[in-house]
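Presented below is the structure to which this report refers.
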Amino acid sequence: MLEAVLAVVGLALGFGANTVITKQRRGSAEEKIQKELDKAKREADKLISEAREEANKAVDAGRKEEQSRRHELKDLEQRLINREESLDRKLDELDKRNENLRASEDELDTLKNEIRDIRSRQQEKLEKVAKLTKEDAAQKLMQMTERDIRNDLLGLVNKLQNEAKESADEQAGLIITTAMERMASEVTAERTVTSVRLEEEEMKGRLIGKEGRNIQALQRATGVDIMVDDTPGYIVLSSFDPIRREVARQALEMLIKDGRIHPGRIEEIVEKAQKKVEKDVIVAGEDAAREVGIVGIPKEILHLLGELKYRTSFGQNVLKHSTEMAHIAGMIAVEVDANVKTAKYAALVHDLGKALTHKMEGKHHHLSGEMLRKYGAPEEVAQAAEQHHDDMEATSVEALIIRVVDAISASRPGARSVSAENFGERMKDLENVANGFPGVEKTYAISAGREVRVFVRPESIDDLSAIKLARDIANKIESTMQYPGTIKINVIRETRAIEFAK
């Protein structure tokens, strides 16, 4: 029994002790939590106060910025108001000035009318006193002035002409001579080949074929007239198109070399010849551009340029003439500080229209400009190429250079072939042009047509009239004749006094 009581007492004591310990632990934990809460509360209060301070600062800054902007807006508004007032004042001043100007104009008109009336009355009085009209007085005054200053004018004109000739001739001669000395090219005249030589005369029969089938097929395929019986040992080709003539020549040579001549083979050979000539045209254009040093030329322009290989002008190959011009143009452009690339490019393609004259209507230099613009060449190049003849005004230094080098290349000895008959006709035409002017006594074309000497009657032509006569003759030759290079007009007025002592 005692043991049971002791056990109950022990349990009660243990339970009480455990309860006390638990309460103590709980109290210490609550204290810690309370401390942590107090600490967090203090930190929160601190953060809140800091946030409030920052918010107050931001509000103050915003207020200050708003006040500043309001001041700026007020200043801007005030400036605008001041400017508007200034403009209003200026407009008022302008209106006043306009009114003053109108009043001044009215006064001036009144004064002008009064002056006109005074001048007309004075003129009438002068005409009554002098017994001369205004036109008669002006004519007499001009005659007196011309008579007094004629000799001075003649001396001044001669002086200016001599100075211009000395300086211009010297400078131009130096530039042209320098360019020509640096340029070395062939001077022999070339002709397009229009005949094919046969090794055996019997080959003509094979080319003609049975009932002329072969020759008809060849003419039909090439578009060229073929004359077999005219010249022994040769076959003559006739066509206005040099490309077709070249195709026919190469086709004939391949047929003769191959030996198999019949209509089917002829068509095959002509097609091969056309492809070969087309390739030669493209290569010729590219070689010319490469020789001159111009890159970026459109393919269409290069093709037309290559076709000039088979064209001649007065016996001069047009493509060689163009490449020679390009070289000389580049040298002259360097001397006169012009655009070298433009000058060389324009000189190379200036005769491009000669490859088209049988296909399109128009002068060849106009066609050159049209084709260059069509295929995308630079406008300055098209203008310079188009203006290389005198029917258009040269608007650039490069265009003048093209004119000069065209005359240089065409007038070189041996560059162009002219028959004796044409040469004689040109000399007579030059003399007839000069003889058609009044006061001309005799005319002689000398220096192979490069100079025309005109002798005039001194009693009909004075010194000033001689200068005008030379200019008129030159203008008429330019407008009515075609010639390479330049022609010098030399008007000679000579007065001789002869007396005999007896």
Side-chain angles (χ1 to χ4, degrees), residues 175-176 178-187 190 242-243 277-313 316-357 364-389 392 394-410 412 415:
I175 293 173
I176 293 174
T178 303
M180 294 181 69
E181 285 177 349
R182 293 174 59 191
M183 182 62 200
S185 61
E186 299 178 7
V187 297
E190 294 188 358
I243 303 295
V277 171
E278 182 71 15
K279 185 178 179 181
D280 292 342
V281 166
I282 296 173
V283 171
E286 293 175 348
D287 290 344
R290 192 180 303 111
E291 178 185 349
V292 175
I294 302 297
V295 297
I297 300 178
K299 293 182 179 179
E300 296 84 358
I301 296 177
L302 286 175
H303 188 277
L304 293 174
L305 186 63
E307 290 188 9
L308 296 179
K309 176 182 178 182
Y310 303 104
R311 289 225 169 234
T312 59
S313 177
Q316 185 180 27
N317 184 277
V318 179
L319 183 58
K320 287 191 175 181
H321 164 65
S322 300
T323 54
E324 179 183 79
M325 277 182 57
H327 288 300
I328 301 176
M331 300 173 198
I332 293 179
V334 172
E335 297 290 337
V336 299
D337 293 330
N339 190 312
V340 177
K341 182 179 179 181
T342 300
K344 294 176 73 173
Y345 196 161
L348 182 65
V349 298
H350 78 288
D351 273 344
L352 211 64
K354 288 186 177 179
L356 299 168
T357 48
H364 74 277
H365 53 289
H366 295 170
L367 294 175
S368 297
E370 182 180 344
M371 290 299 105
L372 289 169
R373 293 186 181 94
K374 178 180 179 180
Y375 295 123
E379 178 60 24
E380 58 271 18
V381 173
Q383 284 186 355
E386 189 177 28
Q387 296 169 359
H388 77 273
H389 278 309
M392 296 187 68
T395 58
S396 64
V397 179
E398 289 77 15
L400 292 172
I401 291 175
I402 305 307
R403 290 188 181 185
V404 171
V405 296
D406 188 25
I408 292 174
S409 177
R412 290 185 301 105

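From a predicted model like this one, the values you see are computed outputs, not experimental measurements.
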Quick check against the 3.5 Å criterion: does [X] have a side-chain atom that pairs as donor or acceptor with the backbone of [Y]?
X: K344; Y: V292; result: yes
X: Q383; Y: T395; result: no
X: D351; Y: K354; result: no

### side-chain hydrogen bond (donor to acceptor under 3.5 Å, both in side chains) partners of R403, counting only residues at least two apart
D390

### Task
Using side-chain hydrogen bond (donor to acceptor under 3.5 Å, both in side chains) as the criterion, list what pairs up with T342, not counting sequence neighbours.
N339

Would you be so kind as to tabulate the donor-acceptor pairs closer than 3.5 Å made by side chains of residues 297-304, with sequence neighbours excluded?
from	atom 1	to	atom 2	distance (Å)
H303	ND1	E307	OE2	3.3
H303	NE2	E278	OE1	3.3
H303	NE2	E278	OE2	2.5

### Message
Ignoring hydrogens, what is the shortest heavy-atom contact between K320 and N317? Give both atom names and the distance.
### Response
N-OD1, 3.0 Å

### A329 versus A347, closest heavy-atom pair with distance
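Smallest heavy-atom distance, with atoms named: CB-CB, 3.9 Å.
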
Heavy atoms, side chains only, cut-off 4.5 Å: are [X] and [Y] in contact?
X: L348; Y: M325; answer: no
X: R290; Y: D287; answer: yes
X: L352; Y: L367; answer: no
X: H350; Y: S322; answer: yes

### Query
With A333, which residues qualify under side chain to side chain contact (heavy atoms under 4.5 Å, CB included), at least two apart?
A338, V340, A343, I401

### Query
Partners of V277 by side chain to side chain contact (heavy atoms under 4.5 Å, CB included), sequence neighbours excluded?
I243, E246, V247, Q250, V281, Y310

### Query
Is there any salt bridge (Lys or Arg N to Asp or Glu O under 4.0 Å) pair reaching into residues 373-386, and which pairs are they, with sequence neighbours excluded?
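The answer is R373-E379, R373-E386.
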
In Å and rounded to the nearest 0.5 Å, what is the [atom1] to [atom2] distance from [X] to [Y]?
X: M331; Y: E335; atom1: CE; atom2: CD; value: 10.0 Å
X: L400; Y: I332; atom1: CG; atom2: CD1; value: 11.0 Å
X: L372; Y: Y345; atom1: CG; atom2: OH; value: 6.5 Å

### Query
How far apart are the C-alpha atoms of I402 and Q387, what are their side-chain angles, what is the distance that settles it, and do they pass the side chain to side chain contact (heavy atoms under 4.5 Å, CB included) test?
CA-CA 8 Å; I402 305 307; Q387 296 169 359; over 6 Å; no

